[in-house]
Amino acid sequence: MPKTQYFVATSIDGFIADADNSLDWLDEADAQGNRVAEDGISPFAAFFAGVGAIAMGATTYEWVLDNEDLLEQPQKWAEWYDDVPAWVFTHRELPPIPGVRLTLVSGDVRPAHEAMTAVAGGKNIWIAGGGDLAGMFADASLLDEVIVGVAPVILGAGAPLLPRRLPSTRLSLAALERRGQFAYLTYAISR
Ligand SMILES: NC(=O)c1ccc[n+]([C@@H]2O[C@H](COP(=O)([O-])OP(=O)(O)OC[C@H]3O[C@@H](n4cnc5c(N)ncnc54)[C@H](OP(=O)(O)O)[C@@H]3O)[C@@H](O)[C@H]2O)c1
């Protein structure tokens, strides 16, 4: 059965971006210790090999757009996400990236999830973030796993990992792995 997975890097205190919406702390943490395995495969690459559709919020999309200068260099999208189609949740008309399979959607996550499942061809659905969007999938009982790469940093404030209350009776630790200075934790969510 394909899964719907929220795979994300987080600080120890549960923030996925700092208070300035920056991910510089993640680059710094990477510089402390190599997350890439001896076979050259990063945790993200290993995870992404199983992904058939991506969902992300507007802030995340705009961050990727700006950070990778994608309107000027659209081919850089495929370096990260190959030709996997993405659904971007927004109330606005965000600029499309030439040649990239993007669908802008708004509101209820359930119809988008249905469309993603149909297109994913039996592969998993990746909720890329942010936390509230992952929460909307959890609210709709559509989130199967939270996979966090915990970076060795405490930020104090920022964008929350998953601003919902999910009791321990619904979460179970399914996998645990050390990669450099990062701890990767996979929690299965019962519906
Ligand atoms: N550490 C990591 O691995 C990681 C991963 C992903 C993201 N990030 C970072 O974390 C931050 C996340 O930002 P964020 O918390 O603001 O989350 P976000 O989910 O990226 O963006 C939130 C915005 O998406 C739109 N949106 C969300 N749900 C919607 C819905 N159902 N219908 C219509 N529009 C919807 C709204 O924007 P509009 O109303 O303006 O359209 C909302 O303000 C970003 O800085 C991002 O770069 C980090």
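When a ligand or atom number is given, it counts from 1 through the structure's own listing order. Keep in mind the model is a prediction, meaning the values are calculated, not measured.
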Taking both backbone and side-chain atoms of [X], is any N or O found less than 3.5 Å from an N or O belonging to ligand 1?
| X | answer |
| --- | --- |
| R92 | yes |
| W63 | no |
| A128 | no |
| A9 | yes |
| G107 | yes |
| A58 | yes |
| W25 | no |
| L26 | no |

**Message:** Quick check: is V105 connected to W126 through a chain of hydrophobic side chains (ILVMFWY, heavy atoms under 4.5 Å apart)?
**Reply:** no
**Asked** Heavy atom of V8 under 4.0 Å from ligand 1?
**Response** yes
**Item:** Shortest protein contact, atom 43 (O) of ligand 1 (heavy atom only)
**Value:** T59 OG1, 4.6 Å
**Request:** Measure the distance from atom 44 (C) of ligand 1 to every protein heavy atom, then report the residue, atom name and distance (to 0.1 Å) of the closest one.
**Result:** N21 OD1, 3.5 Å
**Item:** Y187 side chain vs R170 backbone, donor-acceptor pair below 3.5 Å
**Value:** no
**Message:** When you measure from the side chain of R191 to the backbone of S141, do you find a donor-acceptor pair of N or O atoms at a distance under 3.5 Å?
**Reply:** yes
**Asked** Should the proximity of M56 to ligand 1, defined as any heavy atom under 4.0 Å, be assigned to the side chain, the backbone, both, or neither?
**Response** neither
Going by atom type alone, with no hydrogens or angles, which donor-acceptor pairs under 3.5 Å involve a side-chain atom of residues 45-67 and a protein atom two or more places apart or on another chain?
| unit_1 | atom_1 | unit_2 | atom_2 | d |
| --- | --- | --- | --- | --- |
| Y61 | OH | P95 | O | 2.6 |
| E62 | OE1 | R92 | NH2 | 3.2 |
| E62 | OE2 | R92 | NH1 | 3.1 |

**Request:** Give a yes or no on whether a salt bridge exists between D30 and R35, defined as a side-chain N under 4.0 angstrom from a carboxylate O.
**Result:** yes
**Message:** Could you tell me, atom by atom, which parts of ligand 1 come under 4.0 Å of a heavy atom of G129?
**Reply:** 19 (O)
**Request:** Number the atoms of ligand 1 from 1 as they appear, then name those within less than 4.0 Å of a heavy atom of S106, with their elements.
**Result:** 32 (N), 33 (C)
**Request:** Verify the contact flag for atom 30 (C) of ligand 1, where contact means a protein heavy atom under 4.0 Å away.
**Result:** yes
**Request:** Give a yes or no on this: more than 12 heavy atoms of other residues, nucleotides or ligands lie within 6.0 Å of atom NZ of K3.
**Result:** no
